[in-house]
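Report on the structure given below.
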2 protein chains.
Amino acid sequence: MARMVHERTDVIPLLAEIFRDLGYEGATLSRITERTGLGKGSLYHFFPGGKEDMAAVVLADVDAWFERSVFQPLRLEEPQRAIPAMWEAVDAYFHSGQRICLVGAFALDETRDRFSATIRGYFGRWIEALQDALLRAGRDKETAARDAEETVLAIQGALVLSRATGDEGLFARTLDRLRLRVAAA
Amino acid sequence: MARMVHERTDVIPLLAEIFRDLGYEGATLSRITERTGLGKGSLYHFFPGGKEDMAAVVLADVDAWFERSVFQPLRLEEPQRAIPAMWEAVDAYFHSGQRICLVGAFALDETRDRFSATIRGYFGRWIEALQDALLRAGRDKETAARDAEETVLAIQGALVLSRATGDEGLFARTLDRLRLRVAAA
DNA sequence: CCATTTTTGTACTGTTAGGTACAGAGTATC
DNA sequence: GATACTCTGTACCTAACAGTACAAAAATGG
């Protein structure tokens, strides 16, 4: 009666995409079973806490990816290497603006209240790590703080505007501008 | 059996705030009746199309406000007057970042599909009107296009980041930076 | 190849969703 | 003050919601 192939790890990216597309409230269990191919039995086996559990695991997964692929390099590697690597990672991760930021989307509505610590931590660590890299690249404290905040903010804004206008070039254009602005000064 | 006080026009801002807080899917009819004080009878009397009708009317209302208070002035008045007026209007409208942009929020999840024309129009006209004002202020076409896009994008990003981090100063800080950047060049 | 554990489908729960029907109350008009 | 129209509460509908129970199946592993 079962097919027994799925691993919990394989399901997480699928769940992430579902929450991205539909939002937390819009992601109903029937749509989750539909798009993951997993029945309720399997879903509640892997995520005993139900939908909130799934979203929490997905958020933790996203957070871990950024921590490993973006924040840590910014903190530990040479800024001259880590900052360009960030542009590449961000462009790839968000599919040049075709994919939204789940953390940002959750921040906008009441879903924020369920995951406020994770959401706050994600953005806080991103800005701090970038600020740290900019400081080590020779920027003064004020400029580094300003540019770090501006960069993360512009990435989020570009994701909103990309989805709103359907302008496929907007995200890449924004990253190019940020590259120039952050490289200068 | 009835109290007969409400006007349709009075309900729209309440509905707007509800959709802002809860998102389209999160705004259930029971929460709408609860927070507006109107029963289903009244709601369906004013908005025969139900929830989708309410959201459409709210979006049209938001759009009309921006058209009248921001876009039109940018197109018709002196840029030296209209652009500073835009910063003021935006700061007041979004309560210095304490209030999100409904249009931007709807753009992120599948709600976008229901209202894509309105959403696209809102951002498109905003960017175009600002670009127009910047052109008339003496900017060349390329700079005007870039600054207009960057400005609207940064406002949206600041709203996301404000809600995510709870940093109350972020929105005002961002507007100040935009003011300087747009005034220069 | 048998015992145990992990994974899965199905059936079911109570609750809430959005929406409809409609009668009655309130206001207005003449 | 009878008539028409606007507004509102209540009762009700079907479908979908999140979640539970559980037994059968698949893998594991000795």
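All chains are named by letter (A, B, ...) in the order of the sequence lines, taking the proteins before the strands, and each is independently numbered beginning at 1.
Residue pairs meeting the salt bridge (Lys or Arg N to Asp or Glu O under 4.0 Å) criterion with at least one member in residues 37-49 of chain B, sequence neighbours excluded, do not occur.
Residues of residues 38-59 of chain A that place a heavy atom closer than 4.0 Å to DNA chain D, in numerical order, are A:Lys40, A:Tyr44, A:Gly50, A:Lys51.
Using a cut-off of 4.0 Å between Lys/Arg side-chain N and Asp/Glu carboxylate O, B:Arg31 and B:Glu34 are scored as not salt-bridged.
B:Leu29 places its CG atom 17 Å from the P atom of D:dT10, with the value rounded to the nearest Å.
Contact between the side-chain N/O atoms of B:Ser30 and the OP1/OP2 oxygens of C:dT16 is not found at any separation under 4.0 Å.
Ring orientation note: the planes of B:Phe115 and B:Tyr24 are nearly perpendicular, at an angle over 60° on the 30°/60° scale.
With a 6.0 Å radius and a threshold of 12 heavy atoms from other residues, nucleotides or ligands, A:Glu168 has its CD atom at or below the threshold.
Closest approach of A:Arg120 and B:Thr165 over heavy atoms only: NH1-O, 2.9 Å.
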